[in-house]
Every structure is written in structure tokens, then in C-alpha cells.
Amino acid sequence: MPQDFDVIIIGSGAGGGAVAYTLADTGKKILILEQGTFLPRETRNWDPAFIFGPDGYKADEQWIGPEGETINPIVYYNVGGNTKMYGALLHRQRPQDFREIQHKGGISPAWPIGYDEYEPYYMMAEHVMKVHGNRGEDPTEGWASGPFPFKAFPHERRIQEVADHLEGMGLHPHHSNLALNRDIDEPWRRPCIACGTCDPFPCMLHAKSDAETALVRPALQRSNVTLWTGSRVEKLIEEGGKITRVELVRDGQPMSLSADLVVVSCGAIQTAALLLRSGVANSSGQVGCNFTKHNQSGISAMDYNHPNPTIFQKTLSVHDFYDGSPEHPYPLGTVQLTGKAHWTRIMGDYADQNMVEERAREIQQYAVDFWFTSEDLPDPRNRVEWTDKGIKFNYRPNNRESHFELLDHFQENYLRPMGFTDFMRSTKGLAFTWHQAGTAQFGTDPRKSVLDVNCKAWDVDNLYVVDASFQPSQGATNPTLTIIANAIRVGEHLRKDWFNEGGVTLDNYPLSDGYMADIAQANVLVSADLTYQDDSRGA
């Protein structure tokens, strides 16, 4: 019986977009299903009061927390997924992250394959995402087979002062690896304007290399690739060890589709929920288990003798404490700068500390905004469940003692000696699931993992998962580059094993498309119920 499609990809975020991009030139009939629609291009993209207010572009979503409480997660259901709002900082995981590591709070497990196998796919991912950086600045980075595609964003004056102080104290501050479509030497050639509304705003200019602009839209140039928005997948139907039907609701109408190959990329939480409510791929009992999301905190550091007028702040990272310090014989994590915090964001970040507008504006004037990421550890009890009331999110933080030691160590031994005297801290809670991973881990034993090393479900012949669900651990780096690299790796496997096509090289991921969003004529069916009532819907 003929199938409706050769490939159905569920989700248009980093993983789904990268697979679509990698398979697009095969000529196979590919459908991307996205439950949201295009995030609009409108003035509110850059309005802090809207972005950090009660509405913004956040999805209207509620989950049940571990104590039965209601969680309103900060998630986004749009073409491009959560990358529409991400900070576009794309670091590779470190080679040691693929091996077993002893943390203060427990064990971070080894991966079934190592850094060397991922390296060429990291290169491809850095190219397609237009990553800026300088090789050799970061002492913890793994080997690379070539330079970054673009040179690093330079520091503005105040940030250069901070970098110089840190270097003078023996650290190795490096330029952050940013996925933005900018030519540093000739900035008129590409759309990025290095503005103050990059992190965590959507880009009105489509100059941020998110999954929509860098992956999905280029794939849609091919006539064999189609995107349906407003299409929520409810269930996968398995028969005889294969997914035979994908049941969905599009524009309020139930539909059933079939495909030779089904690729799931809904994000670690929603992917687990889909597999669980479908009752597929779970002979191991591990679907939904071992959820991780990183320990993350911010410090706004003030030196009242030195205002911080920086516009584009997110150019500095410090990885010297990735594996620990002389005082800490265990990993601590990463330090980076966020986008310059607007006072409306500060009001929200420190709402539990009786923040008032006058004080928030003072912090905005003087603060340098630091962000700290440490690894949390996979735990079977940290899991996603599907209930008759929807998603139950059973997550309790772990490995936090070393995370707070990193904050204290950096603040007292580096920030205070360079002249910062006042500090505001915020640690992110359950609602912040930006770095979600681990709910359908890959491995070599079908009794202990959900996916094989090619991210195919052990139990189902034609089902693959390419979001961060596959990750046994996350290290302490932002996960998006690893998601894209892995999805390219899986895409190459599908090209060879399913479609008898050749592999991929850097030539398949060019740097030449200057305005990624303006490559028109794409095969897109936009949901009538979800479009906007003006010309800004982005299609």
C-alpha cells in the first residue's frame, strides 16, 4: 500500500530542522509537522515589556509538578521551536563529556560513541549555523578539523575591561561562539546588526541562526519538502514493529498519515509524552526517565564606579572551571555573559527579592550580567510521565552543591577583586526547561536504553528520535549545537541506509546564503487558525 510520505518529521526545532536539511536533496517526499506557526515579525519582537511580561510568545501550557503543583513552563511552539528565543551561543561538548565523569553529586555516564565521531558533524553544524569564534582561546575545547566559519564578535569597551581583568588574574576568557549571520569586517553584507535584543528575544531581522532560518527554510526550497503548521501529533500507531500511522489534529480536524520513516523531534519532554501516550518504543521502561535540564543561575554584578553602557554584551565566556579548580577536584561548569539585561527582565529575574523599578533601572545601568551553567545528573526518578491530566514533570534538582560553589568561587575570587561590590543572584526553577534532554537515551543495550546508536528506537524499525532526548548526559555547555550535529549524523545514516544516497560533507552546509530567511518560494501550508491578522506572520 503506498505511503502518504517517504518521511514525516514531527517538530521543526533544531533536531527536526537539521534532519530535514540533511535529507532535502534526496528527492524523497518529506513532511515537517509543527503544532505552532511562524513566530511573527513585528515590533513586539524587540519590546522588553512584552517579551518579559506575562504574555510574550510563551506557549499556553501547564504541567503537573513533582508535588502536584501547577507549572507554567517557559516553552515556545513555533516553527524553529525554542531556538526562536535562544541566546544563539553554540559550544561543542568537551571530549571528556563523552566519557564517564565523577561529579561531587554523582556520576555523569559515558556515551556509546565519543567526541572523535562527532567532530566532523560539529564542523557541519557550525557551518550551517554560521558560528563565530576563535579556535585556541578556550583551553577546554576539543580538537577541531578546521576554523570557525566566522571570526569572533569583538568585545565592547566595558566587556574588554572585564576580559582583561580576568586574564590578568590567570584565567582564559574567550570570545563566545555565537550563531549569528554577521560579517564582522563588512557588516553591511549580512543582516545581523549586533543589537541589544538578541538574548532572549526573537530576531526581527531573521539574522539569528535559529532552526527556522538556518535549517527549515533552506530545506523548504526543495519542492519535495513540505511544512504543515497548526498540526499537533496526538499518537503514533505501531503495527508489526513499525509505525504505520501518525494521528494528528490539523486546524481542528483529525487526520491520519503514513510514511516509510517517522522522525520525532518534539523536545525531550514532549517527545517522551508522545511516545508514552502512544505506548511505543518502551520495552526498556526508560522512556521519560533520566531527564536533565542543567543547573543555571545568573549574577548581576555592579561596580558603581563603572557604568556598563554595552549594547551587545554576550561576547565573553570562561571555561577554566569546567573540570574544577585547585580548590574543587570535581567539575564546576561554565561562565558566560548573557545579553544586557533590560530593567523589565531584571524585575522578573529578581521578583522574589522585592525588586522595584528604580532599583531595576540602577542595576541595568551598572550591571555586567553573568550566567552560570553546571551539569545536573541523569536520575531515573527525574522523569516525564503522561497522565489523564497531561504531562507530569517529576524533576528534582541534583548536583547543585558544586553549582553554588562555582558562583561563590567566581564572585569572591574574581568579580570582587576586579571592583564589583554588589551582586544580585537568581537560580532558575522548574519552569525553565530551555536545556531539556535525556528522556529517550541512546545506547548499546536495549534493556537499558530507548534508542540504538543511530537514534533508532530499539523496538520499532522505522522510528527515529533526533532532539536532545537521546543524550545520556549534557556536560555544562549549551546543548543546541550537539543536537544539530547529532541530527546531521543521523540524517547521514538515513541517507545511506534508507535511501542509498551518498554521505554529507562541509560542502552540503555552505556559508553563502547571506539572508537566510529571504529564500522565498517554499512549500508551506500555514494553518488558517494560527496566522496573524497582518503581514508579519513570517511565512
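Just the heavy atoms: all of them, side chains too, but no hydrogens, waters or symmetry mates, feed the values below.
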For a quick check under 3.5 Å, do [X] and [Y] share a side-chain donor-acceptor pair by atom type?
| X | Y | result |
| --- | --- | --- |
| Gln270 | Glu61 | yes |
| Tyr118 | Gln93 | no |
| Arg400 | Asn295 | yes |
| Arg345 | Gln364 | no |
| Asn282 | Gln286 | no |
| Thr83 | Tyr76 | no |
| Asn478 | His91 | no |

Quiz item: Residues in ring pair (Phe, Tyr, Trp, His ring centres under 6.0 Å) with Phe423, at least two apart?
Solution: none
Quiz item: Between Tyr330 and His103, is a ring-ring contact (aromatic ring centres under 6.0 Å, His included) present by the stated rule, with each step listed?
Solution: CA-CA 5 Å; Tyr330 38 79; His103 285 255; 8.6 Å; no
Quiz item: Between Asn399 and Asp376, is there a donor-acceptor pair closer than 3.5 Å when you use the side chain of the first and the backbone of the second?
Solution: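 No.
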Quiz item: So, are Asp210 and Lys208 salt-bridged, with charged N and O less than 4.0 Å apart?
Solution: no
Quiz prompt | Evaluation steps, ring-ring contact (aromatic ring centres under 6.0 Å, His included), between Tyr464 and Phe470 | solution = CA-CA 10 Å; Tyr464 287 76; Phe470 84 97; over 10 Å; no
Please examine the side chains of [Y] and [X], heavy atoms only from C-beta on, and report whether any two atoms are closer than 4.5 Å.
| X | Y | answer |
| --- | --- | --- |
| Asp303 | Met418 | no |
| Trp458 | Ser284 | no |
| Tyr304 | Thr421 | yes |

Quiz item: According to the interplanar angle, ranging from 0 to 90°, do the rings of Tyr322 and His319 count as parallel (below 30°), tilted (30 to 60°) or perpendicular (above 60°)?
Solution: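 Answer is tilted, since the angle falls between 30° and 60°.
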Quiz item: Can you list the steps and then say if Asp97 with Arg92 is a salt bridge (charged side-chain N to carboxylate O under 4.0 Å, His left out)?
Solution: CA-CA 10 Å; Asp97 292 328; Arg92 302 182 180 197; over 6 Å; no
Quiz prompt | Phe150 vs Leu511, side chain to side chain contact (heavy atoms under 4.5 Å, CB included): CA-CA, chis, key distance, verdict | solution = CA-CA 9 Å; Phe150 293 97; Leu511 303 176; 4.1 Å; yes
Practice problem: From the options Phe52, Phe201, Tyr77, Phe50, select the one residue that forms a ring-ring contact (aromatic ring centres under 6.0 Å, His included) with Tyr57. | Solution: Phe50
Quiz item: Any cation-pi pair here, Arg94 with Tyr115, using under 6.0 Å and within 45°?
Solution: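 So Arg94 doesn't make the cation-pi contact.
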Exercise. Starting from the C-alpha separation in whole Å, work towards a yes-or-no answer on side-chain hydrogen bond (donor to acceptor under 3.5 Å, both in side chains) for Glu156 and Thr310.
Key: CA-CA 6 Å; Glu156 294 182 40; Thr310 302; 4.5 Å; no
Exercise. Carefully, step by step, assess Glu492 and Arg489 under the rule salt bridge (charged side-chain N to carboxylate O under 4.0 Å, His left out).
Key: CA-CA 5 Å; Glu492 182 175 58; Arg489 183 185 71 91; over 6 Å; no
Quiz prompt | Residues in side-chain contact (heavy atoms from CB on, under 4.5 Å) contact with Asp116, at least two apart in sequence or another chain | solution = Trp143
